There are 2 protein chains.
Amino acid sequence: MDDQRVGRDVGVDLAAVARLLADGTRAAFCLALLDGRAWTAGELARYAGVTQSTATSHLNLLVGGGLLADERHGRHRYLRIADRRVFELLEVLAELAPRQPVRPRSLTVATRQQALLDARLCYDHLAGAVALEIKDAMVERGLLVWDTGQPAAAALTDRGAAWFADVGIVLPASRRPPVRACLDWTERRTHLAGVVGGALCGHALAADWVTRVGTTRALRVTPLGRQALHDHLGLPIVSSATRGR
Amino acid sequence: MDDQRVGRDVGVDLAAVARLLADGTRAAFCLALLDGRAWTAGELARYAGVTQSTATSHLNLLVGGGLLADERHGRHRYLRIADRRVFELLEVLAELAPRQPVRPRSLTVATRQQALLDARLCYDHLAGAVALEIKDAMVERGLLVWDTGQPAAAALTDRGAAWFADVGIVLPASRRPPVRACLDWTERRTHLAGVVGGALCGHALAADWVTRVGTTRALRVTPLGRQALHDHLGLPIVSSATRGR
DNA sequence: ATGTCGCTTCGACCGCTGTCAAAGCATCCC
DNA sequence: GGGATGCTTTGACAGCGGTCGAAGCGACAT
């Protein structure tokens with residue numbers, strides 16, 4: 001029993017996964033892909049501000065490590081997050097990550113960041129201030145139970161199911177959890193995810209309640225969307241997220 | 001809009017946290033501390049097979065980064081995991097981590113690894129094959145509901161509460177979730193955590209159902225413990241985890 | 001007082017890894 | 001065919017980060 005050096009041999013190589021996210025560029029890629037879409041290699045390279053060759057080697061590592069999945073279409077290489085568990089990892093990680101004192105360099109960057117805070121995609125559902133308003137309104141109207149204790153007991157009520165039918169949103173049958181609480185890394189509060197959150201988001205995009213801002217995962221709530229959220233959930237026409245700024 | 005380089009400025013520095021776990025030695029430290037105890041710096045150094053000076057610098061990083069907390073007592077420095085969220089991070093990370101083809105160098109190492117698989121501490125509760133047997137038995141006897149869908153609905157039944165009282169285990173009042181499903185990285189199945197899991201484990205240690213193996217987080221089930229688990233839960237005297245090996 | 005033990009600091013070394021430019025290869029468009 | 005466009009490969013370079021030994025500093029024991 002002279003060899004106390006058991007630490008490395010337990011058979012789980014945590015560091016291997018962590019190393020993949022330990023680089024700023026690779027982390028930026030993953031953060032970008034959090035919107036659940038597939039980005040091309042070039043888009044990611046430009047997004048993170050590196051050359052294509054650099055991006056290629058990073059993407060090879062991420063795909064090789066199982067964090068990302070890729071798909072070739074013609075001369076394009078599409079990247080997306082490989083797995084549900086990777087989303088979870090990124091969420092937990094983001095929760096522990098230090099917030100840098102945000103010091104935007106230019107006005108357009110500032111605006112873009114503000115947009116991210118107001119409304120954006122998080123995987124397949126809505127996040128940001130608007131998402132929180134929606135969730136709160138649904139709870140207040142008795143459409144949703146939202147007890148985020150552990151284990152979290154969040155669910156759609158009967159009135160909630162009726163509301164979805166009323167608005168014209170079909171809730172697909174799925175093995176995935178219908179209602180999930182997803183933690184927001186900017187607001188540090190939970191918002192609506194799961195099948196219900198996904199369906200709501202899909203409808204919001206399809207019905208032009210929200211539109212994408214460029215190729216980022218930021219969203220803009222359209223006047224049409226404001227009106228709809230007012231009609232269906234009683235949200236103010238001028239969002240409290242934009243008010244007084 | 002010429003500067004597309006927004007990727008780094010979103011304000012969450014994922015890479016900073018990941019970098020802390022991206023080193024084999026630091027990861028080994030964290031894995032060791034997963035047993036929830038406080039280790040001294042020297043113990044950790046020996047465990048990971050590095051010199052004290054190396055350990056010091058790593059520990060400074062981990063404490064500085066908020067993953068570990070330290071406490072000085074005389075000439076000793078005690079380290080423990082800082083935060084509940086860090087445990088979660090390590091769990092998610094371990095789930096995604098590659099399993100190295102375990103090729104133990106010596107017989108004693110092999111035995112020690114096997115012990116880890118059979119029974120060990122995971123934070124404040126039991127893990128390993130024995131923990132799974134216990135959980136299954138409790139479910140079978142109607143002491144526990146165990147629906148690990150999402151959101152997970154696991155809870156103690158009335159009969160379960162009575163069982164704890166009967167065995168003489170006091171369930172402390174706490175804001176923590178009473179019953180939690182914790183994922184096991186060796187078995188890839190969930191076992192009993194939360195306040196109930198912690199209380200059960202505390203009793204098992206106090207009543208000598210299990211004993212620590214050296215300074216590791218491995219546990220050995222005593223004959224007394226085997227008998228108790230048989231009497232209270234109907235487990236076989238010869239564990240199925242040890243049987244036929 | 002003197003020695004031991006546990007941890008920290010310092011300095012030096014080395015290797016790994018992220019970066020880019022340039023050239024190469026495949027695909028698509030005209 | 002010819003010329004973009006998107007991605008990959010290669011090679012060279014720089015810097016960061018992990019490692020150790022040796023010396024230093026407290027705390028504790030005798």
Side-chain angles (χ1 to χ4, degrees), chain A residues 3-5 7-8 13-33 37-65 67-80 215, chain B residues 3-5 7-8 13-33 37-65 67-80 215:
Chain A
D3 184 16
Q4 275 279 26
R5 200 172 164 146
R8 324 280 194 141
D13 194 2
L14 277 201
V17 194
R19 197 158 36 235
L20 291 175
L21 296 171
D23 174 78
T25 302
R26 287 195 295 267
F29 287 174
C30 291
L31 241 19
L33 291 165
R37 297 193 309 147
W39 293 46
T40 68
E43 283 171 340
L44 289 170
R46 255 170 287 130
Y47 176 81
V50 293
T51 60
Q52 296 231 19
S53 61
T54 303
T56 294
S57 65
H58 285 308
L59 292 173
N60 287 340
L61 290 176
L62 288 168
V63 171
L67 295 192
L68 300 187
D70 63 350
E71 220 168 306
R72 315 262 174 168
H73 281 143
R75 52 184 170 182
H76 294 279
R77 181 190 192 181
Y78 287 96
L79 283 304
R80 56 183 172 78
T215 59
Chain B
D3 183 15
Q4 276 278 25
R5 200 172 165 147
R8 323 282 192 137
D13 193 1
L14 275 201
V17 194
R19 196 158 36 234
L20 291 175
L21 296 171
D23 174 76
T25 302
R26 288 195 294 268
F29 287 173
C30 292
L31 242 18
L33 291 164
R37 297 192 310 147
W39 293 47
T40 69
E43 284 172 341
L44 288 171
R46 255 170 287 130
Y47 176 80
V50 292
T51 59
Q52 296 231 20
S53 61
T54 303
T56 294
S57 67
H58 285 307
L59 292 173
N60 287 341
L61 289 175
L62 288 168
V63 171
L67 295 192
L68 301 187
D70 63 350
E71 220 169 307
R72 314 262 174 168
H73 283 144
R75 51 185 168 183
H76 293 278
R77 182 190 192 181
Y78 287 96
L79 284 303
R80 57 185 170 75
T215 60

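Naming convention: chains lettered A, B, ... in sequence-line order (proteins, then strands); numbering from 1 in each chain. These figures come from a predicted structure and were not determined experimentally.
Listed nucleotides: dC7(D), dC20(D), dG18(D). Nearest to the side chain of T51(B): dC20(D). Comparing dG18(C), dA21(C), dT19(C) by their closest approach to the side chain of V50(A) singles out dT19(C).
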Q. After noting the C-alpha distance and the side-chain angles of R80(A) and Y78(A), does the key distance pass the side-chain contact (heavy atoms from CB on, under 4.5 Å) rule?
A. CA-CA 7 Å; R80(A) 56 183 172 78; Y78(A) 287 96; over 6 Å; no
**Q.** Derivation and outcome, side-chain contact (heavy atoms from CB on, under 4.5 Å), residues F29(A) and L79(A)
**A.** CA-CA 10 Å; F29(A) 287 174; L79(A) 283 304; over 6 Å; no
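When rounded to the nearest whole Å, the span between CG of L44(A) and P of dT8(D) equals 11 Å. Atoms CG (D23(A)) and P (dG15(D)) sit 17 Å apart, rounded to a whole Å. For the pair Q52(B) CD and dA22(D) C1', the interatomic distance rounds to 14 Å; values are reported in whole Å. Atom pair L59(A):CG and dT19(C):P shows a separation of 12 Å (rounding to whole Å applied). Straight-line distance from the NE2 atom of H73(B) to the C1' atom of dC7(C): 16 Å, rounded to whole Å. Taking atom CH2 of W39(B) as the reference point, atom P of dC7(C) lies 13 Å away to the nearest angstrom. Between the NE2 atom of H58(A) and the P atom of dC7(D) there is a distance of 16 Å, rounded to whole Å. If you take CZ of R19(B) and C1' of dT17(C), they are 13 Å apart, rounded to a whole angstrom.
A close approach under 4.0 Å does occur between a side-chain nitrogen or oxygen of R26(A) and OP1 or OP2 of dG18(C). Taking side-chain N and O atoms only, R46(B) has no distance below 4.0 Å to OP1 or OP2 of dG6(C). Checking the phosphate oxygens (OP1, OP2) of dT8(D), a side-chain nitrogen or oxygen of R77(A) falls inside 4.0 Å. Side-chain N/O atoms of T54(A) include one lying less than 4.0 angstrom from OP1 or OP2 on dC20(C).
Under the 4.5 Å side-chain criterion, counting only non-hydrogen atoms from C-beta, L44(A) is in contact with L59(A). You'll find the side chain of L67(A) reaches within 4.5 Å of the side chain of L21(A), heavy atoms only.
Between the side chain of S53(A) and the base of dA21(C) there is at least one donor-acceptor pair of N/O atoms closer than 3.5 Å. With hydrogens and angles left out, the side chain of T40(A) and the base of dG6(D) share no donor-acceptor pair within 3.5 Å.
Each of S57(A) and R75(B) was matched to the nucleotide of DNA chain C holding its nearest heavy atom; the match closer to the 5' end belongs to R75(B).
A donor-acceptor pair under 3.5 Å is formed between the side chain of R26(A) and the backbone N or O of R19(A).
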